[in-house]
Amino acid sequence: MTRQEHLDWCKKRALEYCDMGDLNQAFASMGSDLGKHLDTANHPGIQLGMGLLMAGHLETPEKMRKFIEGFN
């Protein structure tokens, strides 16, 4: 699987949780799944997202969706 294919898969799974309103699981899914591919493991967006999540900046499904869709 290419990096882009894997990234698309990660986003799809995380957005499913987001659509259900489970924002913590959406973030956890994205982070966990990124770690399953050599080219996306330790993605800097995970640290950024953790800070945003803890500061309350990803508190709505819309904000979480925008964050997840922004990964590249």
Side-chain angles (χ1 to χ4, degrees):
M1 183 180 294
T2 68
R3 182 186 186 282
Q4 188 59 52
E5 289 169 336
H6 182 74
L7 188 58
D8 291 344
W9 176 77
C10 294
K11 289 179 182 183
K12 179 182 179 293
R13 285 178 29 90
L15 290 172
E16 288 173 1
Y17 287 110
C18 188
D19 290 342
M20 290 187 288
D22 192 343
L23 305 183
N24 288 331
Q25 189 59 41
F27 183 81
S29 173
M30 190 71 184
S32 174
D33 288 347
L34 284 171
K36 296 175 183 175
H37 192 282
L38 184 62
D39 293 332
T40 58
N42 300 314
H43 193 291
I46 296 302
Q47 281 186 301
L48 171 65
M50 182 58 73
L52 291 170
L53 187 66
M54 294 184 77
H57 297 291
L58 298 176
E59 75 278 5
T60 67
E62 294 79 18
K63 289 180 180 182
M64 183 62 77
R65 173 175 285 282
K66 184 176 179 181
F67 173 74
I68 292 167
E69 289 176 344
F71 273 83
N72 58 50

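Along the sequence shown, the residues carry numbers beginning at 1.
In terms of heavy-atom proximity, A26 sits nearest to C18 at CB-N, 3.8 Å. The two residues M30 and L7 come nearest to each other via the heavy atoms CE-CD1, 4.1 Å.
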Pairs of donor and acceptor atoms involving the side chains of residues 45-67, under 3.5 Å and at least two apart or interchain, shall be tabulated with distances.
from: E59; atom 1: OE2; to: K63; atom 2: NZ; distance (Å): 2.9
from: T60; atom 1: OG1; to: K63; atom 2: N; distance (Å): 3.1
from: R65; atom 1: NH1; to: E69; atom 2: OE2; distance (Å): 3.0
from: R65; atom 1: NH2; to: D19; atom 2: OD1; distance (Å): 2.3
from: R65; atom 1: NH2; to: D19; atom 2: OD2; distance (Å): 3.1

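With sequence neighbours left out, the ring-ring contact (aromatic ring centres under 6.0 Å, His included) criterion links H43 to F71. Under the rule for a side-chain hydrogen bond (donor to acceptor under 3.5 Å, both in side chains), the partners of Q4 that lie at least two apart in sequence or sit in another chain are D8.
Among residues at least two apart or in separate chains, there is no salt bridge (Lys or Arg N to Asp or Glu O under 4.0 Å) pair with a member in residues 37-49.
A heavy-atom distance below 4.5 Å is not found between the side chains of D22 and E16. Put simply, the side chain of K12 does not reach to within 4.5 Å of the side chain of W9, judged on heavy atoms. With contacts defined as side-chain heavy-atom distances shorter than 4.5 Å, the pair L34/N42 does not qualify.
Under the side chain to side chain donor-acceptor pair (under 3.5 Å) test applied with D33, the options R13, K11, H6 reduce to a single match, R13.
Annotation for Y17: hydrophobic cluster partners, listed by chain and number, are M20 (ILVMFWY side-chain heavy atoms under 4.5 Å, direct or chained).
One finds the SG atom of C10 at 11.0 Å from the CG atom of L15 (value rounded to the nearest 0.5 Å).
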